[in-house]
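So that the names make sense, note that chain A is the first sequence line, chain B the second, and so on, each numbered from 1.
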Amino acid sequence: MMDIVAPQENVVRVRFAPSPTGHLHVGGARTALYNYLYARKNNGIFVLRIEDTDAARSTRESYEGILRGMRWLGLEWDEGPDIDGPYGPYVQSARSVLYHSEADRLLREGAAYRCFCTASELDAMRAAQEARGEAPKYDGRCRARSAGAVEEKLAAGAPHVIRFMMPSGGETRFRDVVRGDFAFGNAELDDFVLIKSDGRPTYNYAVVVDDAHMRISHVIRGDDHISNTPRQVRLYDALGYRLPKFAHLPMILGADKTRLSKRHGATAIDAYRDLHYLSDAMVNYLALLGWSFDGKRELFTFKALIEAFSLKRVSSNPAVFDTGKMEWINAEHFKMLPPAEKLELVSEVLEEEGLLPPAFEVDLSRPVDLKLVAGTEPLRVDTIDAAKKSFARELPRLALIIEVLGNRLKLLRDVRELMGYFYTDDFHRDENAVRRHLASKETGSRLDALALAYENLQYFDRASVEETLRGLADRLGIESGELIHPCRVALTGKTVSPDIFWVITLLGKAKTVERLRAAAATAAAPTAPKDE
RNA sequence: GGCCCCUUAGUCUAGUGGUCAGGACGCUUGGUUCUCAGCCAAGAAUCAGGGGUUCGACUCCCCUAGGGGCUACCA
């Protein structure tokens with residue numbers, strides 16, 4: 001028990017201490033991340049502690065959601081509610097004996113006292129103070145109760161709280177790793193509650209007791225806690241605990257520079273996972289929100305982040321959460337993924353979208369050369385999880401489609417829009433594109449001619465496909481673009497796509513001819529063409 | 001109201017008394033091309049305002065403004 005007062009000096013122990021009253025949001029995740037990075041960088045311990053002292057607002061779902069979010073991000077904790085350690089339990093509702101024994105100590109030493117004021121009494125007090133133009137704060141009226149009077153109340157079972165006896169004068173000082181020195185006048189602080197009348201500890205009290213008893217060496221948290229810190233410092237002092245180092249992180253704001261909230265769109269980490277962001281990209285972006293390496297380098301793998309991270313490079317000004325930048329980072333991370341991983345990820349999304357298994361099968365005229373798809377790295381479809389499923393035979397083609405799509409695929413959530421037409425006839429068609437490229441008689445007959453040429457093509461590989469189209473354009477005496485553009489709209493419903501010859505090849509002869517003819521019919525139709 | 005924090009382009013940031021104020025996202029223009037993405041090249045855009053201190057302020061001090069936090073038997 002006494003060694004609590006003198007924790008091991010050199011071991012870095014940090015914690016993330018969410019209250020299970022909502023989602024893991026980006027601000028919380030960023031705090032968790034910085035703690036995690038700091039721990040890993042310094043061979044320290046990362047503790048997850050659940051602060052569920054608010055009985056009314058804490059929920060099981062929230063608790064599970066937070067753990068899920070952290071695991072998705074890859075922020076594995078060393079000690080926590082589900083991983084016991086030397087200083088558990090790691091859920092505050094299971095630590096009440098400790099809070100009470102420490103409170104009793106404070107009571108005995110005269111550093112705290114019992115307060116029997118009722119809610120209405122406190123309201124009246126505050127109202128009076130405000131009427132007088134004073135700052136509302138507890139006036140300490142219960143400090144003076146005699147021991148006898150307290151005993152009497154207690155015996156009568158009167159509800160009460162335990163309050164901290166704040167020194168009325170002097171200053172409380174502490175140093176913050178990112179912002180430097182602070183000094184607060186004690187007169188600003190009042191006798192705050194330690195133990196609520198329901199027997200549970202308040203945040204400011206429990207956080208101190210737990211951080212001390214869990215040997216937390218660095219308290220890394222949002223700067224909304226700066227104003228709480230002097231109270232906590234007084235508590236550390238009264239309890240005889242050694243002070244940890246503090247590092248307060250700047251807030252994360254929405255586009256209008258106010259505190260990030262639901263109004264600004266998705267704030268829950270879960271939402272970004274559901275949007276198919278890569279967790280490493282998310283982590284990379286979050287890391288940059290309030291921290292920089294050298295002002296130049298911005299792309300980091302998780303591992304590189306651990307290596308690069310430092311609390312000294314945390315900035316003190318709040319940061320606006322910018323999804324545009326996050327999307328760029330996501331795209332960069334996606335680019336770096338090995339082909340096998342892209343295949344795995346994309347097939348998952350396709351399956352989720354109901355596009356896999358495909359609505360129609362395509363037999364490529366030649367077997368797909370996986371070496372070509374995977375570049376130098378050998379792509380082994382048989383090692384891929386999804387390959388065990390019903391659409392395993394589609395994977396080689398999918399790998400090629402992904403390759404051909406290249407950097408156009410930046411966000412997994414765009415999978416349907418970018419490659420849906422390879423998997424279903426029910427793909428999105430851009431009406432403007434149809435009107436612009438598929439609305440003339442000449443176009444109709446040209447597409448028919450192209451369909452015929454392809455129908456007669458023996459080897460439907462990319463080279464022959466290109467040769468056929470360009471040859472036809474020559475014979476027709478038109479630019480190949482005049483064939484390519486309507487063809488693209490006919491096959492994909494859009495004016496943009498990857499290399500058209502790859503699209504044709506990967507769509508296969510039968511589908512290509514079918515769509516070409518259908519488009520030719522629409523184009524030749526006398527009235528304005530309409531899809532659906 | 002009181003106390004506290006923050007302020008470099010639209011956004012994230014580098015900077016720590018003398019720099020042409022650097023990088024990135026986004027944006028604009030040009031190149032590559034069957035479109036788009038990508039890539040390459042170029043470009044527009046910033047020290048919140050006002051006072052000091054100093055030979056010299058983005059950098060130090062003060063004030064103002066704006067934003068944020070705490071001031072709960074929320075965390």
Side-chain angles (χ1 to χ4, degrees), chain A residues 17-22 51-54 56-58 92 115 117 119 122 126 129-130 133-138 159-163 176 179 182-185 187-190 192-204 206-207 222-231 248 250-251 253 255-259 285 288-299 313 315-329 331 335 405-410 418 433 437 466 469-470 473 479-485 487-489 492 494-501 503:
Chain A
S19 66
T21 54
E51 308 214 327
D52 58 346
T53 55
D54 185 343
R57 293 197 304 145
S58 297
Q92 289 187 328
C115 164
C117 293
L122 294 175
R126 257 178 237 122
Q129 287 166 335
E130 274 170 50
E134 293 171 17
K137 53 187 237 184
Y138 184 68
H160 69 284
V161 300
I162 298 178
R163 287 185 183 271
D176 184 278
R179 289 159 208 268
F182 283 90
F184 286 79
E188 306 295 335
L189 281 13
D190 67 355
F192 61 98
V193 173
L194 267 22
I195 303 277
K196 303 181 229 176
S197 54
D198 67 359
R200 288 177 183 257
T202 58
Y203 162 75
N204 277 308
V207 76
D223 72 8
D224 46 337
H225 288 293
I226 289 179
S227 303
N228 283 321
T229 308
R231 275 175 258 277
H248 287 99
M251 209 96 292
L253 310 177
D256 59 358
K257 300 235 179 198
T258 65
R259 187 182 196 148
Y285 179 64
L288 258 21
L289 238 33
W291 168 85
S292 67
F293 178 61
D294 57 3
K296 298 223 155 72
R297 183 170 175 202
E298 311 209 89
L299 264 11
R313 302 281 313 179
S315 76
S316 52
N317 44 317
V320 172
F321 188 78
D322 177 16
T323 47
K325 179 102 177 211
M326 184 169 69
E327 287 183 357
W328 173 74
I329 288 180
K335 275 190 206 170
L405 227 39
N407 293 322
R408 292 171 190 82
L409 181 55
K410 301 173 176 177
L418 291 178
H437 294 285
E466 175 163 11
L469 186 144
R470 291 200 193 278
E479 292 290 318
S480 47
E482 290 192 66
L483 219 35
I484 286 172
H485 297 302
C487 179
R488 172 173 286 116
V489 177
T492 71
K494 295 170 240 308
T495 54
V496 306
S497 84
D499 176 281
I500 191 64
F501 306 113
V503 170

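Comparing B:rG52 with B:rA57, their P atoms are spaced 11 Å from each other, to the whole Å. Taking atom P in both B:rC27 and B:rU59, the straight-line distance is 33 Å, to the nearest Å. Taking the C1' atoms as reference points, B:rU19 lies 29 Å from B:rC63, given to the whole Å. For the P atom pair drawn from B:rA14 and B:rG23, the interatomic distance equals 15 Å after rounding to whole Å. Distance check on atom P: B:rC74 versus B:rG67 gives 30 Å, rounded to whole Å. Taking the P atoms as reference points, B:rA9 lies 15 Å from B:rA21, given to the whole Å. Spacing between B:rG68 and B:rC62 at atom P, rounded to whole Å, works out to 24 Å. When the C1' atom is compared between B:rA48 and B:rG66, the two are found 8 Å apart, to the nearest whole Å.
No donor-acceptor contact under 3.5 Å links the side chain of A:D224 to the base of B:rA75. With hydrogens and angles ignored, no donor-acceptor pair under 3.5 angstrom links the side chain of A:T258 to the base of B:rG67.
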Pull out every protein N or O sitting under 3.5 Å from an N or O of nucleotides 10-15 of chain B, one pair per line with the distance.
residue : atom : partner : partner atom : Å
B:rU11  : OP1  : A:K257  : NZ           : 3.3
B:rC12  : OP1  : A:V320  : N            : 3.0
B:rC12  : O2'  : A:L288  : O            : 3.1
B:rU13  : OP1  : A:G290  : N            : 3.1
B:rU13  : O3'  : A:S292  : OG           : 3.4
B:rG15  : OP1  : A:R313  : NH1          : 3.1

Which atoms of nucleotides 62-65 of chain B (N or O only) lie under 3.5 Å from a protein N or O atom, and what are those distances?
none

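Here the nucleotide nearest the side chain of A:S316, chosen from B:rC6, B:rC36, B:rC73, is B:rC6. The side chain of A:Y203 approaches B:rA75 more closely than any other nucleotide in the set B:rC34, B:rC5, B:rA75. For A:S197, whose side chain is taken as the heavy atoms from C-beta onward, the closest listed nucleotide among B:rC34, B:rC73, B:rG38 is B:rC73. Side-chain proximity of A:T53 to B:rC34, B:rA75, B:rG68: nearest is B:rA75.
Contact annotation for A:H248: no contact, since no heavy-atom pair falls under 4.0 Å across all strands. Within the 4.0 angstrom heavy-atom criterion, only backbone atoms of the sugar-phosphate kind lie near A:S19; the bases stay farther away. Among the protein residues, A:P230 comes within range of no part of the nucleic acid, since none of its heavy atoms lies under 4.0 Å from any strand. Among the heavy atoms of the strands lying under 4.0 Å from A:R259 are primed sugar atoms or P, OP1, OP2 only; no base atom is included. Within the 4.0 angstrom heavy-atom criterion, no nucleotide atom of any strand lies near A:R297.
Side-chain contact between A:V161 and A:C115 is present, with heavy atoms from C-beta onward closer than 4.5 Å. In this structure the side chain of A:E51 reaches within 4.5 angstrom of the side chain of A:V207, judged on heavy atoms.
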- line: Contact string for nucleotides 26-33 of chain B, one letter per nucleotide 5' to 3', B = base within protein heavy-atom range under 4.0 Å, S = sugar-phosphate only, - = neither, reads --------
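Within a 6.0 Å radius of CD in A:E130, more than 12 heavy atoms belonging to other residues, nucleotides or ligands are found.
Remark: A:N204 CG to A:N228 CG distance equals 4.0 Å, nearest 0.5 Å.
Classified by interplanar angle (parallel below 30°, tilted 30° to 60°, perpendicular above 60°), the ring pair A:F184/A:F182 is parallel.
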